[in-house]
Amino acid sequence: MQYSPAPLHIPDGFLSLVVSIICWVISAITLSAAIARSNKSLGERQIPLMGVMAAFIFAAQMINFPVAGGTSGHLLGGALAAITLGPWAGMLVMTAVIVVQALLFQDGGLLVMGANILNMGLVTAAIGYGLYRAAAAGNRTLKLTVAGIAAWLSVMAAALFTSLQLWLSGTSQLQIVIPAMLGVHALIGLGEALITVAALTLILQTRPDLLGENSASAKGSRGWVVAGVLISLAVVLLSPLASADPDGLERVAEDLGFLGKGFSAPYQLIPDYTLPFLGQSNLSTVLAGLIGLIVVGAVIVLLGQGLRAKS
Amino acid sequence: MTNVLQVHDLHFSYHDGRPALRGVSFAMCAGEKVALVGPNGAGKSTLMLHLNGILPDRPRDFVHGRGEVSVEEKRLTRDNLPVIRALVGLVFQNPDDQLFSPTVFEDVAFGPLHMGLPMKEVEARVESALEAVRMSGFRDRLSHHLSVGEKKRIAIATVLSMKPQILVLDEPSAGLDPRGRRTLINLLRELPITMLVSTHDMKLVQELFPRTIVMDEGQIVADGQTRDILENEELLTAHGLEKP
Amino acid sequence: MHFDAFDRYHETNSFVHRLDPRIKVAVTVAFILSNALLPDGAWIAFGLSWMLLLFANIFSNLGIAFTLKRSFVALPFALVAITVLFSIPGNPLASFHFLLWDLTISDTGFLRFVSILIRSWLSVQMAILLVATARFPDIIHALGHLRVPSILTTIIAFLYRYLFVLGDEVFRLMRAREARSAAAGRRSGRSVVWRANVAGHMAGQLFLRSYERSDRVYNAMLARGYAGHLETINPHELRRRDYITAALALLAILFLQLAGRL
Ligand SMILES: Nc1ncnc2c1ncn2[C@@H]1O[C@H](COP(=O)(O)OP(=O)(O)O)[C@@H](O)[C@H]1O
Ligand SMILES: [Mg+2]
């Protein structure tokens, strides 16, 4: 059996440095919150629980089912993890999975890992949990239906985020990448929804206590519902908009300073010893020189320590 | 001789409410090696979990229970849990549950490290524990690369490194091939420590343990010399056991 | 059964294997960062980067083409970059007709497309070399040293440990499914929805088993003195050759950056 990667893992080289760093910052802030909060809902058994469940998500991603023409469907798991473990723990678990996939299997890059964590770990968990939480008071059919929709949307959202990052990096053209990614993932998301619902059905039958009132799954705050609904709305509204009027979005991005002329700016942080956000000024040249100096300084310090460590 | 372990009238139910222990009492002397036998579901594992205070410490699973456990005359309470857990070395049935770290070293060091010992002492204890189970060269191995027999021996090392007074092993010979089983038997024979071992392996009982406790349905139904118990065919068949 | 398919470490004795894992992680990240910083069409710098990579291969005793042979994992993703061939304005190189569209490849588009692929291909090779020369538990330690929060490194350590155990379980579940559907006569059995349901059922089963296992693991941790606070060990110590290698690697990378901008 082969370990089969989900088609959303962005490798290094496909995102610009600026987009990579912004995604890293967003992910890092969210994860700090997750670390601080997951402790409260799970207590001291959180470590073995999250650790083994991370291995579960990893292993569950290997379960595939044949679809047609040699292709196969499988699970991404963000929604399932967040629904069963609670949103914060779900995010941490997904992050660990993405880190191991990138480090051990080169499935997804390192510099772009912040983006992969954001798309596949954070967004999926927020949508999956937020929507499910909205239906938590309902009966079983409602819960399972909403979980299925949430799972489908979580994959669509991950695909949308990935497309936007690729476009902002100047790697893909908006009017092609969005319909292509969302089209493919609309199908992949169906598999995700079916697997998630079937898995939850079994869990509700066998261990209803795991999803009951006192479980970590029930402890997420109502704020998640808002977050989940907002991101879902963004997916539902933004996708057709982006495909119909890509020029509009491009104008917005240009105004925000993401896209320079002809895709050139975003991925060169220090081109010709100038910093792009400062323009072609003396200050920019000086700062670029300073950065160079810091690197050289670090090298010298390291060399010095190496020589000292000898004695 | 003083009792290292004393269990008095222990009762316990899991969250489904069905009693798993129904008034268990027994005692063990220093240096004694005792076998614990009985059919699946008799309550052997549940009893063993009580011996270092795991189940009562977890209110989530703990519906009702009473009785007491004392180790070296110290009564097990919430306050002296860390002390008792260092005195009673509990090895779980499945080594994949017991060995939860990526490397052998980290697993064997886990106990001493969480006892708050300094790193030097931890290192020394890891070395001697691995030596005791004859796995000295395995320090830096990855746990998932070990064979079942090796995992079982490392699992014993993970508690030996805490220098316990009593070793409690849950079905140590299950799933071993004949050679692995033989190595384990030799190892258990040579370890100079008080031992309570649950097993379905009656040959092992006959060979290693002078005393046997028979459990069924949450109660002790017999406790005596292994020789006598293995002679009592009526008792054995009544509790689903076989003469070796 | 062992799940050796998951092992990426190549046991051998080499200069790179003996380096501290922190240095290897840091240099890998620096190298990938450097690739991202190189402008499009910096052929000389790309070439020099590859030379650096080849040297790293040689110093790892794994054979000069070790990473090259394993480097094509990221290729399928190149599809998403294909649109830059046509979308960036520039001098036309070639035009052709595809289904409904008339497509023109521009020189700047081509430059950008090839540069993206090269960056990706170089980066993935360094990452491959990292896991081939550092054992994964050591990489986890390195992450701890590099200030990754200990709760994350611990989850990663558990994930790594139980990956093999649960991987085995998945393998057995899938074997059983295949045996059953083979017995039923048709290979894949009924509809896609039905098959997805079977897969979901397997995932649910695996979830429950994993959940129960996490309970037993927690018990095993309690039995050995765990009380909610996890102690970790960091057995690595930086030595002279680690500092010097790091410094030389950084200098080389700085040189690459200069070469890319000449
Ligand atoms: N975690 C648990 N939750 C609920 N019931 C349990 C649990 N573990 C064991 N039991 C039940 O408690 C009884 C005793 O089980 P156990 O101590 O494992 O027996 P043994 O080890 O002798 O086979 C059995 O009826 C079993 O089904
Ligand atoms: Mg048992």
Side-chain angles (χ1 to χ4, degrees), chain A residues 1 11-14 17 35 44-45 47-56 58-60 62-63 65-67 73 75 92 96 99-100 103-104 106 109-111 166 171-173 176-177 191 194-195 197-199 202-203 206-207 210 262-263 268-269 271-272 295 299 302-303 305-306 309-310, chain C residues 8 29 32-33 36-37 39 73-74 77 80-81 83 87-88 116 119-120 123-124 127-128 131 136 139 149 151 154-156 158-159 162-163 166-167 170-171 188 192-193 195-197 199-204 206-208 210 213-214 217-218 221 228 230 239-240 243-244 246-247 250-251 254:
Chain A
M1 182 178 50
D12 277 318
F14 285 80
L17 194 60
I35 289 170
E44 62 185 45
R45 68 189 301 278
I47 289 203
L49 180 66
M50 290 196 286
V52 178
M53 290 333 261
F56 156 73
F58 194 105
M62 300 190 308
I63 301 175
F65 61 96
V67 177
L75 187 74
L92 290 176
V99 171
V100 170
L103 271 177
L104 197 53
Q106 289 80 50
L110 303 184
L111 200 61
L166 287 167
T171 304
S172 308
Q173 223 181 340
I176 295 176
V177 73
L194 287 170
I195 294 184
V197 169
L202 185 73
I203 295 168
T206 330
R207 288 286 303 268
L210 295 184
F263 294 97
Q268 295 182 22
L269 192 63
D272 306 321
V295 174
V299 169
L302 279 172
L303 266 175
Q305 277 192 341
K310 179 188 184 183
Chain C
R8 290 293 187 272
V29 171
I32 294 173
L33 186 66
L37 281 169
V73 282
F77 209 88
V80 309
T83 53
S87 60
I88 299 181
I116 288 174
R119 277 193 208 100
S120 171
S123 303
V124 92
I128 289 169
V131 283
F136 199 70
I139 294 180
I151 185 166
T154 311
I155 298 176
I156 292 169
F158 270 103
L159 164 51
Y162 286 102
L163 177 62
L166 300 191
V170 167
F171 187 66
S188 45
V192 176
V193 173
R195 275 171 294 186
N197 257 315
H201 207 266
M202 281 162 58
L206 192 67
F207 175 90
L208 292 169
S210 310
R213 185 184 291 279
S214 81
V217 170
Y218 178 49
M221 291 171 74
L230 206 74
R239 277 166 300 184
R240 186 170 64 105
Y243 287 110
I244 292 178
L250 270 186
L251 271 181
L254 194 67

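Letters A, B, ... mirror the listed sequences (proteins, then strands); counts begin at 1. Everything quoted here is computed from the prediction, not taken from an experiment.
Applying the ring-ring contact (aromatic ring centres under 6.0 Å, His included) criterion to C/Phe136, with sequence neighbours excluded, gives C/Tyr160. Residues that satisfy the side-chain contact (heavy atoms from CB on, under 4.5 Å) test with A/Ala199, not counting sequence neighbours, are A/Leu80, C/Ala203.
Between chain C and the options A/Gly191, A/Ala60, A/Ala96, heavy-atom pairs under 4.5 Å are most frequent for A/Ala96. When each of C/Val124, C/Asn197, C/Ile128 is scored by its heavy-atom pairs under 4.5 Å with chain A, the top score falls to C/Ile128. Interface remark: of the candidates C/Ile156, C/Leu230, C/Val217, C/Leu206, C/Leu206 forms the most heavy-atom pairs closer than 4.5 Å to chain A. Here A/Val100 is the residue among A/Val100, A/Thr206, A/Val197 with the most heavy-atom pairs under 4.5 Å with chain C.
Here the closest heavy-atom approach between residue C/Ala127 and residue A/Gln106 is recorded as O-NE2, 3.4 Å. Annotation for A/Ala54 and C/Ile155: closest pair CB-CG2, 3.9 Å, computed over non-hydrogen atoms. Scanning all heavy atoms of the two residues, the minimum distance from A/Phe14 to C/Ala81 falls at CE2-CB, 3.9 Å. Minimum interatomic distance between C/Ile116 and A/Gly13 (heavy atoms only, all atoms of both residues): CG2-O, 3.6 Å. Between A/Ile195 and C/Ala199, the closest heavy-atom pair is CD1-CB, 4.2 Å. In this structure, C/Phe207 and A/Phe56 approach most closely via the heavy-atom pair N-CE1, 3.2 Å.
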- Task: Output, in order, the C-alpha distance, side-chain angles, deciding distance and verdict of side-chain contact (heavy atoms from CB on, under 4.5 Å) for A/Leu104 and C/Ile139.
- Result: CA-CA 10 Å; A/Leu104 197 53; C/Ile139 294 180; over 6 Å; no
- Task: Given side-chain contact (heavy atoms from CB on, under 4.5 Å), test C/Leu159 with A/Met50 step by step and report yes or no.
- Result: CA-CA 9 Å; C/Leu159 164 51; A/Met50 290 196 286; over 6 Å; no
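Contacts between A/Leu166 and chain C at a heavy-atom distance below 4.5 Å involve the side chain alone, from C-beta outward. If you measure heavy-atom distances from C/Met202 to chain A, the contacts under 4.5 Å come from both the backbone and the side chain. Both the backbone and the side chain of A/Leu103 come within less than 4.5 Å of a heavy atom of chain C. Contact annotation for C/Ile32: both backbone and side-chain heavy atoms come within less than 4.5 Å of a heavy atom of chain A.
Once rounded to the nearest 0.5 Å, the distance linking CG of A/Leu110 with OG of C/Ser123 reads 8.5 Å. The CZ atom of C/Phe77 sits 9.0 Å away from atom OG1 of A/Thr171, with the distance rounded to the nearest 0.5 Å.
Remark: side-chain polar atoms of A/Ser172 are paired, donor with acceptor, to backbone N or O of C/Val80 under 3.5 angstrom. For the pair C/Thr83 (side chain) and A/Gln173 (backbone), a donor-acceptor distance under 3.5 Å is present.
The side-chain heavy atoms of A/Ile47 and C/Phe158, taken from C-beta on, include a pair separated by under 4.5 Å. The closest side-chain heavy-atom distance from C/Arg119 to A/Asp12 is not below 4.5 Å.
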